[in-house]
Amino acid sequence: MGNDVHGATRDPGSSRPQEGVTEVEIRAIAEDEIAAWDRALALGFFRAHVESAADYRRMQWQPGRLLAAVDGGRHVATFRSFDTELTVPGGATVQADAVTSVTVSATHRRRGLLSRMITRDLAAAHERGLPVAILIAAEYNIYGRFGFGPATRGHGWDVDLERARGLRADLPTVPGGRVDFATMEEMRKLGPELHDRWRLTQPGAIARDEIWWKRQTGEIQVPGFDFKEPFAAVHRDAEGTVTGYAAYRVDDSWDGSYPNCTLTVVDFLALDRATAAELWRFVLSVDWVRKVVIENIGPDDPLPLLLRDPRAATPYAENADFMWLRVLDVEAAFSARTYGAPGRIVLDVTDRDGYVAGRWAVEAAADGTGRVTRTTDDADLALGAAALGSLYLGGETAPRLAAAGLVTELRPGAAAAADLLLRTPLLAWNPDSF
């Protein structure tokens, strides 16, 4: 029910310290340093006016996972990571190292502080046996050099209700189902179980922990992020089981004597297409509303096609990259997911940090299961670690990357063959910032 924004950095340059400047120490912070670390984080995000969020940061603190660059006792860069579950194609999950809260003070740019922090964190994640790392990249040109590639995309819709004329009459319904409002307290109880069921259906989705639900329902207030309580409409089937919900806000706008309100959907989960149709039917019928904005939805969600006039839905947000992914263990990562067609493709991967460098045979059976092993066979495709991260969840295609010069086809037709192998029924999508 709303997104946080993390991942800004001001360290795009060399890893060498400036001449005449003393080496800055990179280390994990102690719990009693959280207030100083939070201050550095606020400065890095240009929020010097915001009161301290140290109490909130203490809830997130884990030994060794909050890093700082320290110069003369002052925190000049911040970095945090935590482990989370990531859904991969087929519904399995893998543990991911989630990188966030990355800042470098404007006074300490181009000294390699980001390079040192992220290199340390990825090495630790690899040592723990995590197959992938993920992050939200505030700037495009930074994280590719560390082996991260864009892995999911976000999208939004702006629906003109007068033009849409409601949903098609032939859509599935839920006999005996109903929609009720839920309080924020009720959502803290109902939401986690619903989301845990939903996220296993969506490649690219990550887990939401208890702190997430407390924050998004207003139990925890974070300085600098004003909480505005949304409406929460919960759908239940005939047996009373929660099968979906929509969280939204409505502005109070009038055109003279006529209501001209916009309803903005900030979170939408549905376990099946019938539930989705019932929730959209409700959302699109709220009185006084003339326009519905969906801030973030799966890039291949069929919502426009549910309308009587699909042209009433126009893009609200650019279909841009969102979550980036870095593969740390090829065998563990690619063996966890399923595949779109039987076949075999050999990838020759370059990786300056060595985690995924080498030649890999990806083999898939007719039942969708697969395995990845090292091989000395001739390679079909050559690519870097960042491109491998983009392909892993199915959010990007090998032919498109080949057309862009990010994948090299060593055998004619290999990109198309890889596309068949790696394709997914749903495009990867992660609705949550972290």
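Just so you know, residue 1 is the first one in the sequence shown, and it goes up from there.
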More than 12 heavy atoms of other residues, nucleotides or ligands under 6.0 Å from [atom1] of [X]: is that the case?
X	atom1	answer
Glu186	CD	yes
Arg188	CZ	yes
Arg359	CZ	yes
Arg178	CZ	no
Asp367	CG	yes
Glu331	CD	yes

Heavy atoms, side chains only, cut-off 4.5 Å: are [X] and [Y] in contact?
X	Y	result
His155	Pro315	yes
Arg215	Val222	yes
Glu127	Leu328	no
Leu307	Leu305	no
Val265	Val292	yes
Val76	Val104	no
Arg344	Val362	no
Glu278	Thr173	yes

Minimum heavy-atom separation for [X] and [Y], please, with both atom names.
X	Y	result
Thr373	Glu363	OG1-OE2, 4.1 Å
Leu401	Ser390	CD1-CB, 4.3 Å
Pro223	Ala53	CD-CB, 3.9 Å
Glu409	Ala416	OE2-N, 4.3 Å
Tyr248	Ala233	CE2-CB, 4.4 Å
His49	Phe46	CE1-O, 4.3 Å

Inset, instruction - Take Phe181 and Val234 through the test side-chain contact (heavy atoms from CB on, under 4.5 Å) and record every step on the way to the result. - result: CA-CA 6 Å; Phe181 284 117; Val234 174; over 6 Å; no

Side-chain ([X]) to main-chain ([Y]) donor-acceptor, under 3.5 angstrom:
X	Y	value
Asp380	Val346	yes
Asp237	Thr241	yes
Asp300	Leu427	yes

Distance check, rounded to the nearest 0.5 Å: [X] atom [atom1] versus [Y] atom [atom2]?
X	Y	atom1	atom2	value
Trp37	Leu66	CH2	CG	4.0 Å
Tyr56	Ile211	OH	CD1	6.5 Å
Thr369	Arg337	OG1	CZ	12.0 Å
Asp71	His108	CG	NE2	3.5 Å
Arg326	Leu122	CZ	CG	6.5 Å
Ile345	Tyr339	CD1	OH	12.0 Å

Legend entry - Arg400: salt bridge (Lys or Arg N to Asp or Glu O under 4.0 Å) partners, not counting sequence neighbours: Glu396

Legend entry - Sequence-distant partners of Arg27, salt bridge (Lys or Arg N to Asp or Glu O under 4.0 Å), two or more places apart: Glu25, Glu33

Legend entry - Trace of the side-chain hydrogen bond (donor to acceptor under 3.5 Å, both in side chains) decision for Thr78 with Thr103: CA-CA 5 Å; Thr78 64; Thr103 71; 2.7 Å; yes

Legend entry - Working for side-chain contact (heavy atoms from CB on, under 4.5 Å), residues Val356 and Leu388: CA-CA 9 Å; Val356 297; Leu388 186 71; 4.2 Å; yes

Is the closest basic N to carboxylate O distance between [X] and [Y] below 4.0 Å?
X	Y	value
Lys214	Asp209	no
Arg65	Asp83	yes
Asp321	Arg153	no
Asp432	Arg208	yes
Asp55	Arg57	no
Arg116	Glu23	yes
Arg411	Asp378	no

Inset, instruction - For the pair Glu85 and Arg199, evaluate salt bridge (charged side-chain N to carboxylate O under 4.0 Å, His left out) and give the outcome as yes or no after the intermediate values. - result: CA-CA 10 Å; Glu85 281 192 349; Arg199 68 183 173 93; 2.9 Å; yes

Legend entry - Test item: side-chain donor near acceptor, Asp301 and Trp157, under 3.5 Å: no

Legend entry - Test item: side-chain donor near acceptor, Asp121 and Ser81, under 3.5 Å: yes

Legend entry - Residues which pass side-chain contact (heavy atoms from CB on, under 4.5 Å) with Ala428, listed by chain and number, not counting sequence neighbours: Thr152, Leu393

Legend entry - Intermediate values then yes/no, side-chain contact (heavy atoms from CB on, under 4.5 Å), Met59 and Ile220: CA-CA 10 Å; Met59 299 178 191; Ile220 295 174; 3.5 Å; yes

Inset, instruction - Evaluate the salt bridge (charged side-chain N to carboxylate O under 4.0 Å, His left out) criterion for residues Arg58 and Glu31: first the C-alpha distance (whole Å), next the side-chain angles of each, then the deciding distance (0.1 Å), finally the verdict. - result: CA-CA 7 Å; Arg58 288 189 184 94; Glu31 192 169 5; 5.7 Å; no

Inset, instruction - Assign the ring pair Tyr355 / His126 to parallel, tilted or perpendicular, where the plane angle (0 to 90°) is split at 30° and 60°. - result: tilted

Inset, instruction - Take Trp429 and Asn296, measure what side-chain hydrogen bond (donor to acceptor under 3.5 Å, both in side chains) needs, and give me the verdict at the end. - result: CA-CA 10 Å; Trp429 178 53; Asn296 187 12; 3.2 Å; yes

Legend entry - Candidate list Asp267, Asp180, Thr275, test side chain to side chain donor-acceptor pair (under 3.5 Å), partner Tyr245, passing option: Asp267

Inset, instruction - Please determine which of Tyr140, Phe146, Tyr392, Phe148 meets the ring pair (Phe, Tyr, Trp, His ring centres under 6.0 Å) test together with Trp324. - result: Tyr140

Inset, instruction - List the steps, then state whether side-chain contact (heavy atoms from CB on, under 4.5 Å) holds for Gln60 with Phe82. - result: CA-CA 9 Å; Gln60 300 175 320; Phe82 61 96; over 6 Å; no

Legend entry - Sub-6.0 Å ring centroid separation between Phe268 and Trp280: yes

